[in-house]
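This report concerns only the one structure given below.
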Amino acid sequence: MREKKSIKQIIVFYVTSISVTLGIVLILLMIITGLFSTSSVLRDSLQVTARTAAQNFSSNLHMLADRIDNIAQENVLADQMTSDNDKQLLLDNQKLRIEFVWIAVYGLSGDKMYGDDTAPSSIDGTEYFQYLSGTDNIVIGKPEYNNNIWQLSVGIPVKDQEGNSYAYLVGSYKYDLLNDVLSNINIGAGGLVYIVDNEGNIIADKNISDMGKNENLYKIYKSNKNKKIFDSMLDFQTDANSVLLGFKQHYIAYSPIAGTNWTLMIAAPGNDFMKILWGSVLTSIVVIIVLQFVTRGLVVKIADKISGSLSIATERLVSLSTGNLKDKVVLADNNVEAEVLTTALSKTVKCLAGYIDDITEYLGQLSAGDYSGKVKDNFDGDFIAIKDALSYITASLNETMLHINKASLAVSSNSSETSGYARRLYDGSIEQTAALERLDGKITVITQKIDEINNNARRVKKSADIAEQRVEEGKKQMDDMLSTMDSIHNDMQEIITISHLIEEISSQTSLLSLNASIEAARAGEAGKGFAVVAQQIGLLADQTADALHKTGEIIEKVSFSIGQGMVTARDTAESFQNIKEAAEDFSDISDSMARITVEQKEAIVMVSDEVGTVLAIADTNQSLAKETDENASLSLKQAEELKQIVSAVKLKEQ
């Protein structure tokens, strides 16, 4: 099992991790920001430098071109009648004033007409001669290496007085005059400064020693990205960008040189300008590392204080999780949070102990059958729900038991009345049987003494009226008994419904206990005490369910007995109805006997048969009345048992 870390270790770990992460993020942001800002500033500054250098270079070239142009405008050269010696003398004088390497005049064919001895005898075949002859305008040639020196030739047409070109004046300057511009561009030790022509050939270099290589940018720095940049550069655009030159990252800027088809390109190595950035980054890393160690030391001290404060509450929580509610909580006073935590823990322990004592006491009363008690009103917060639940359960049990008590009293009363009715019915049946037996004897006498038939008929009529009245009273009593039995049956159904309601409340209480146990388990260590409360509530619910189960069995027996009594009562009512009908028939027969004495013998025979039938019915009624009496006695006994069960419970006064 993996060993758990202490809060001190967790605080030190997370604070250190966060500080290290922040340090790394800051370093990365510094590097990224530095790279972007340095790159942006460097491109902008290089672009300005390239534009300025190109303008300076162009100004120097214009200065050289102006000097040649001033010489070409001399009248001595324009006048073809002037001798070559005078013209040569003019050139010599100009050479003394201006530092030319050489200066000479060439014919339209390119051959030298006069000039310095060091000047080429012919310029035919040079690139600038082709431009001179083609444009008939001033032309600046590419730097050339002649006589151990780099030179820059500038040519201009010489026109006569009519404005026609008859020769070309060409002067060669030392390249140093222009190289000073390139040399003054400070772009680091590894920086490159090129002047390229319209084909990408390097015609001038900051390092003069590299000018004789005759290299082409497209060939020495091959790549698709470089080609696009070089094409833009040779298209006489001004821009700056980042490229790879010789597998090294460079920042380049380029600008066209006005008055020529050349472009000035400046390339600065990225490493030369990033050294300061990397130096500052390394310095920042060292500072951040030092701060990390200092921060870790401070965090360890702070974590020690926090861990010491929390250990007090932790130890008490551990003892609380084992069910210890008696020991006092030691209050911490070294910081606000620990003091608040231990104070709250102390209050929690006291409250839980008080709640558990109150609940235990109250549940003890309920388990003893005392429902008259009241839950103490000292619950706070969410614990009020427990108090409300206990109060609701008690109120429901009180109400249910009151209904059961009332129902048991009603059942007892109805059973007593039913028993009385059944006893009277049984006695009446005995009397009815005796009367029928006497009637049977009288009929026998009537058959022997026809003279006494009339008197006997009156007596029979009187007896029949009395029997009919008694039957009517018996029928009315049976109807009352049926109504009472229906009421008892309905009350028993209500009792069964109440019993089911109590079972449902018990089930909900058990579910409440289960949910409370789940919530206590979710609360972890702090919820174990509450889990005990939930368990006790669950036990109470189970006890309530058992008691309800027993009560339900008794109620079902009573309900079954009452149902049997109702069946018997209905049968008895039907018998009374039959007796009434028989009595009515008997009364009609008696009337007939009084009116028609002639037919008395035949009627007596019929009466004898009917009396036999009535006697059989009376025997049946006697048996039914006896069974009804026995069932009523059983119902009364069961009602007494139910009353005794309910009386054992102590209820609140309503």
Side-chain angles (χ1 to χ4, degrees), residues 56-182 195 197 203-204 208 211-212 257-262:
N56 292 336
F57 203 90
S58 178
S59 298
N60 289 345
L61 289 176
H62 285 143
M63 181 187 67
L64 299 180
D66 288 342
R67 290 176 179 177
I68 292 295
D69 184 61
N70 290 334
I71 297 173
Q73 299 300 325
E74 292 288 342
N75 292 329
V76 175
L77 293 179
D79 188 2
Q80 295 186 13
M81 300 300 295
T82 304
S83 63
D84 291 341
N85 291 331
D86 293 336
K87 294 178 180 179
Q88 181 65 47
L89 180 61
L90 174 64
L91 296 180
D92 292 339
N93 291 332
Q94 293 295 329
K95 184 179 179 182
L96 293 175
R97 291 192 312 106
I98 302 173
E99 295 182 358
F100 285 108
V101 177
W102 56 264
I103 186 170
V105 175
Y106 294 88
L108 296 178
S109 62
D111 296 329
K112 185 171 71 174
M113 297 173 60
Y114 47 87
D116 291 342
D117 294 336
T118 57
S121 59
S122 176
I123 59 174
D124 186 21
T126 62
E127 184 178 359
Y128 65 85
F129 176 72
Q130 295 177 1
Y131 282 111
L132 276 173
S133 59
T135 62
D136 196 29
N137 201 344
I138 190 169
V139 174
I140 300 175
K142 297 178 181 179
E144 296 178 347
Y145 188 75
N146 289 321
N147 298 325
N148 298 322
I149 187 173
W150 281 97
Q151 305 173 20
L152 185 67
S153 299
V154 180
I156 188 172
V158 179
K159 300 182 182 296
D160 56 18
Q161 294 177 347
E162 295 179 358
N164 297 320
S165 299
Y166 72 93
Y168 301 111
L169 175 63
V170 180
S172 178
Y173 297 93
K174 289 183 179 181
Y175 175 71
D176 295 342
L177 296 174
L178 299 178
N179 189 58
D180 291 340
V181 177
L182 303 182
I195 296 178
D197 61 12
I203 60 175
I208 299 179
M211 289 182 60
I257 300 175
T260 67
N261 57 356
W262 303 341

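Taken from CG in D136 to OH in Y168, the straight-line distance is 6.0 Å, to the nearest 0.5 Å. The CG atom of L91 lies 6.0 Å from the OH atom of Y114; values are rounded to the nearest 0.5 Å. Atom CD1 of I71 and atom CG of L90 lie 7.0 Å apart (nearest 0.5 Å). Here the NZ-CG distance, from K95 to D116, works out to 3.5 Å after rounding to the nearest 0.5 Å. In this structure, CD1 on I156 lies 6.5 Å from CD on Q73, to the nearest 0.5 angstrom. N93 CG to E74 CD: the interatomic distance, rounded to the nearest 0.5 Å, is 10.0 Å.
Using the six-membered ring where Trp is involved, Y173 and F100 have ring planes that are tilted, between 30° and 60° apart.
Y106 is not listed as a side-chain neighbour of L132, based on a closest heavy-atom distance of 4.5 Å or more. Looking at V105 and K87, their side chains never come closer than 4.5 Å, going by heavy atoms from C-beta outward. Annotation: side chain of L152 is in contact with side chain of I140 (closest heavy-atom distance under 4.5 Å). Two residues are said to be in side-chain contact when any heavy atoms from C-beta on lie closer than 4.5 Å; L96 and D92 fail this criterion.
S122 contributes a side-chain N or O that, together with a main-chain N or O of G110, makes up a donor-acceptor pair within less than 3.5 Å. The closest donor-acceptor contact from the side chain of Q151 to the backbone of N146 lies under 3.5 Å. With hydrogens and angles disregarded, a donor-acceptor distance shorter than 3.5 Å links the side chain of D160 to the backbone of E162. Of the possible polar contacts, one joining the D79 side chain to the M81 backbone as a donor-acceptor pair under 3.5 Å is found.
More than 12 heavy-atom neighbours from other residues, nucleotides or ligands sit within 6.0 angstrom of CG on N164.
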**Q.** side-chain contact (heavy atoms from CB on, under 4.5 Å) assessment of W262 paired with S58
**A.** CA-CA 10 Å; W262 303 341; S58 178; over 6 Å; no

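Shown are T126, T260, D197; of these, the side-chain hydrogen bond (donor to acceptor under 3.5 Å, both in side chains) with K142 is made only by D197.
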